[in-house]
Amino acid sequence: ICKYRFDTGSAGIIKQCSAKCLNMNNRYIFYSDGNCLYRMDHSGGSEQVIHEIGLWRLYVVGDYVFFFDGNGLVKIRDDGTEYVEYYEFF
C-alpha cells in the first residue's frame, strides 16, 4: 500500500502486504488480504484486525464499511462493532 502526495510529488510505502482490496475514510485505511479485514491509520500505524473472514468489494461510507463475503452484503462499523448481515436482502 503506497501513499502519493500531490503537493510534493513524493511517493512512499505505507505497508508491505498482499492487499486484495482497499478503501479509506478520513480516519483510517481499510484493506483485506483475502482472509481478514484490517484497519490502520493513514501513516500505516495502529493496524488492527476488525473482522476475520474472506471478503471482496470493500466500500466505506462514513463510519461504516460494507463488503461482500461470498454469501451477501455485510455492514460493520469502522471500529469492528455493529456487524449486520444482509443476506436475506441480497
Side-chain angles (χ1 to χ4, degrees):
I1 300 172
C2 295
K3 181 178 187 176
Y4 178 79
R5 292 188 55 124
F6 287 101
D7 57 344
T8 63
S10 63
I13 296 173
I14 295 175
K15 175 85 177 161
Q16 284 193 313
C17 60
S18 179
K20 306 291 184 198
C21 55
L22 170 77
N23 211 319
M24 62 189 284
N25 63 11
N26 61 342
R27 296 183 304 174
Y28 303 110
I29 296 172
F30 301 92
Y31 73 94
S32 172
D33 61 3
N35 297 312
C36 294
L37 174 60
Y38 298 89
R39 177 187 82 185
M40 64 182 169
D41 60 33
H42 290 175
S43 66
S46 302
E47 183 180 52
Q48 182 179 12
V49 174
I50 62 171
H51 191 62
E52 294 182 8
I53 193 166
L55 60 102
W56 70 96
R57 294 186 191 165
L58 179 62
Y59 304 97
V60 179
V61 179
D63 294 338
Y64 291 92
V65 180
F66 296 85
F67 59 86
F68 293 93
D69 69 354
N71 295 313
L73 180 66
V74 175
K75 177 178 100 173
I76 190 168
R77 193 167 185 86
D78 66 7
D79 62 2
T81 63
E82 297 184 35
Y83 178 86
V84 179
E85 298 172 340
Y86 293 100
Y87 299 130
E88 66 270 18
F89 302 113
F90 185 71

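Starting from 1, each residue takes its place in the sequence as its number.
Taken together through direct or relayed side-chain contacts under 4.5 Å among Ile, Leu, Val, Met, Phe, Trp and Tyr, Tyr86 and Tyr59 form part of one hydrophobic cluster. Hydrophobic clustering (side-chain heavy atoms under 4.5 Å, transitive across Ile, Leu, Val, Met, Phe, Trp, Tyr) groups Val61 together with Leu73. In the hydrophobic clustering of this structure, Leu22 does not group with Tyr64; members are Ile, Leu, Val, Met, Phe, Trp, Tyr whose side-chain heavy atoms approach within less than 4.5 Å, directly or through other members. Hydrophobic clustering places Tyr28 together with Tyr83 (ILVMFWY residues linked when any side-chain heavy atoms are closer than 4.5 Å, directly or through intermediates). Cluster annotation: Val65 is not connected to Met24 through the hydrophobic network of ILVMFWY side chains, with a link wherever side-chain heavy atoms come within less than 4.5 Å.
In this structure, Asn25 contributes its side chain and Gly62 its backbone to a donor-acceptor pair below 3.5 Å.
The closest side-chain heavy-atom distance from Leu37 to Ile76 is below 4.5 Å. A 4.5 Å side-chain heavy-atom check between Ile29 and His42 finds at least one atom pair inside the cut-off. Considering only heavy atoms from C-beta on, Ile14 comes within 4.5 Å of Met40 through its side chain. Using a 4.5 Å heavy-atom threshold, the side chains of Phe66 and Val74 count as separate.
In this structure, CD on Gln48 lies 8.5 Å from CG on Asp79, to the nearest 0.5 angstrom. Remark: Lys20 NZ to Ser32 OG distance equals 9.0 Å, nearest 0.5 Å.
Through side-chain heavy atoms spaced under 4.5 Å, either directly or across other Ile, Leu, Val, Met, Phe, Trp or Tyr residues, Ile13 is tied to no other residue.
Shown here are the salt bridge (Lys or Arg N to Asp or Glu O under 4.0 Å) partners of Asp33, two or more places apart in sequence or in another chain: there are none. For Phe6, the side chain to side chain contact (heavy atoms under 4.5 Å, CB included) partners two or more places apart in sequence, or in a different chain, are Tyr4. With sequence neighbours excluded, the residues that form a side chain to side chain contact (heavy atoms under 4.5 Å, CB included) with Ser46 are Asp41. Taking Asn23 as the reference, Leu58, Val60 meet the side chain to side chain contact (heavy atoms under 4.5 Å, CB included) condition, with sequence neighbours excluded. With sequence neighbours excluded, the residues forming a salt bridge (Lys or Arg N to Asp or Glu O under 4.0 Å) with Asp78 are Arg27, listed by chain and number.
Between Tyr31 and Tyr38, the ring-plane angle classifies as parallel under the 30° and 60° cut-offs.
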